[in-house]
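Computed from a predicted model, the values in this text were never measured in an experiment.
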Amino acid sequence: QVQLVESGGGLVQAGRSLRLSCAASGSILSIDNMGWYRQAPGNERELVAGITSGGSTSYADSVKGRFTISRDNAKNTVNLQMNSLKPEDTAVYYCNALIITSDLKWQGYWGQGTQVTVSS
C-alpha cells in the first residue's frame with residue numbers, strides 16, 4: 001500500500017509564506033507526475049501546480065509567479081513553496097501522485113489534505 005502525507009499548512013496573514021511538503025511511502029517502484037490541488041468550501045478541487053518526473057512544472061494562472069513546486073525523488077517528496085499569500089488562497093491543499101507499486105500497476109494516490117488559511 002501507498003500513503004501520501006501532507007504537512008506544513010497553517011494560519012498566516014496575507015503577504016506571508018508557507019511551505020507545504022508531501023511524502024510518499026510504501027512499496028513504491030517509481031513516481032511519475034506529482035501535483036498539488038486545493039479545494040475551498042463550495043468550490044471544486046482545482047489543480048494548483050504540477051511537476052513531471054523530469055522536473056517540468058506547470059501552474060494555475062492564479063498562483064503563477066507566487067508558488068513554486070519542486071520534488072526530491074530520493075525522498076519521494078513533493079513540495080510547494082507559497083509566497084505572497086492572499087486570502088483567496090485559503091483552502092485544503094492535497095498532494096497527488098501517479099505511482100507504480102511492486103505489483104507493477106500504476107495508480108493515482110491522494111494525501112489526506114492540509115488546511116491553509118490566509119487572513120486579511
Side-chain angles (χ1 to χ4, degrees):
Q1 294 185 349
V2 173
Q3 286 189 316
L4 273 61
V5 180
E6 302 100 332
S7 61
L11 173 63
V12 298
Q13 291 187 337
R16 306 289 295 199
S17 298
L18 281 175
R19 185 174 185 268
L20 306 182
S21 296
C22 174
S25 62
S27 301
I28 298 171
L29 293 182
S30 184
I31 302 178
D32 194 5
N33 295 346
M34 306 184 79
W36 285 96
Y37 294 72
R38 67 186 181 188
Q39 187 168 21
N43 293 346
E44 295 183 346
R45 187 172 299 184
E46 64 173 342
L47 176 65
V48 177
I51 185 167
T52 69
S53 60
S56 297
T57 60
S58 61
Y59 299 91
D61 289 340
S62 59
V63 307
K64 195 171 299 181
R66 299 187 297 120
F67 291 9
T68 302
I69 188 172
S70 62
R71 64 191 291 167
D72 186 336
N73 293 330
K75 298 180 179 179
N76 288 337
T77 60
V78 60
N79 306 304
L80 186 68
Q81 179 67 43
M82 304 185 294
N83 298 328
S84 302
L85 283 163
K86 304 175 181 179
E88 50 263 44
D89 295 319
T90 296
V92 177
Y93 284 71
Y94 300 88
C95 68
N96 176 267
L98 180 61
I99 297 173
I100 186 169
T101 51
S102 58
D103 60 356
L104 302 181
K105 294 182 178 180
W106 288 98
Q107 186 173 334
Y109 295 87
W110 291 95
Q112 82 288 346
T114 185
Q115 177 71 46
V116 172
T117 302
V118 184
S119 65
S120 59

Sequence neighbours left out, cut at 3.5 Å: what donor-acceptor pairs do the side chains of residues 9-33 make with other protein atoms?
residue	atom	partner	partner atom	Å
Ser17	OG	Asn83	OD1	2.9
Ser21	OG	Asn79	OD1	2.9

message: Quick one, Tyr94 with Arg45, criterion side-chain contact (heavy atoms from CB on, under 4.5 Å). Give me CA distance, side-chain angles, the key distance, then yes/no.
response: CA-CA 9 Å; Tyr94 300 88; Arg45 187 172 299 184; 3.4 Å; yes

field: Non-neighbouring partners of Glu46 that pass salt bridge (charged side-chain N to carboxylate O under 4.0 Å, His left out), sequence neighbours left out
entry: Arg38

field: Where at least one partner belongs to residues 43-78, residue pairs that pass ring-ring contact (aromatic ring centres under 6.0 Å, His included), sequence neighbours excluded
entry: none

task: Not counting sequence neighbours, which residues clear side-chain hydrogen bond (donor to acceptor under 3.5 Å, both in side chains) with Thr57? List them please.
output: none

message: Using a 4.5 Å cut-off between side-chain heavy atoms of Ile, Leu, Val, Met, Phe, Trp and Tyr, which other residues end up in the same hydrophobic cluster as Val5?
response: none

task: Mind listing the closest non-hydrogen atom pair of Tyr93 and Glu6 along with its distance?
output: O-OE2, 3.9 Å

message: So, using side-chain hydrogen bond (donor to acceptor under 3.5 Å, both in side chains) as the criterion, who are the partners of Glu88 when residues are at least two apart?
response: none

Donor-acceptor pairs are to be reported for all side-chain atoms of residues 99-111 against protein atoms at under 3.5 Å, with residues two or more places apart or in another chain.
residue	atom	partner	partner atom	Å
Thr101	OG1	Asp103	OD1	2.5
Asp103	OD1	Lys105	N	3.4

- prompt: Shared ILVMFWY cluster between Tyr37 and Met34, side chains joined below 4.5 angstrom?
  reply: no

- line: Heavy-atom nearest pair, Thr52 first then Arg71, reads O-NH1, 2.9 Å

message: Filter on salt bridge (Lys or Arg N to Asp or Glu O under 4.0 Å), then keep only pairs touching residues 48-68, sequence neighbours left out; what's left?
response: Asp61-Lys64, Arg66-Asp89

- prompt: In terms of hydrophobic clusters joined by side-chain contacts under 4.5 Å, are Ile51 and Val2 together?
  reply: yes

query: In the single-linkage hydrophobic clustering (I, L, V, M, F, W, Y; side-chain heavy atoms under 4.5 Å), do Leu85 and Val48 co-cluster?
result: yes

statement: So the ring-ring contact (aromatic ring centres under 6.0 Å, His included) pairs with at least one residue in residues 8-29 (sequence neighbours excluded) are none

statement: Smallest heavy-atom separation, Gly35 atom then Ile69 atom, equals CA-CD1, 4.2 Å

task: State whether the number of non-hydrogen atoms from other residues, nucleotides or ligands found under 6.0 Å of Gln112 atom CD is greater than 12.
output: yes

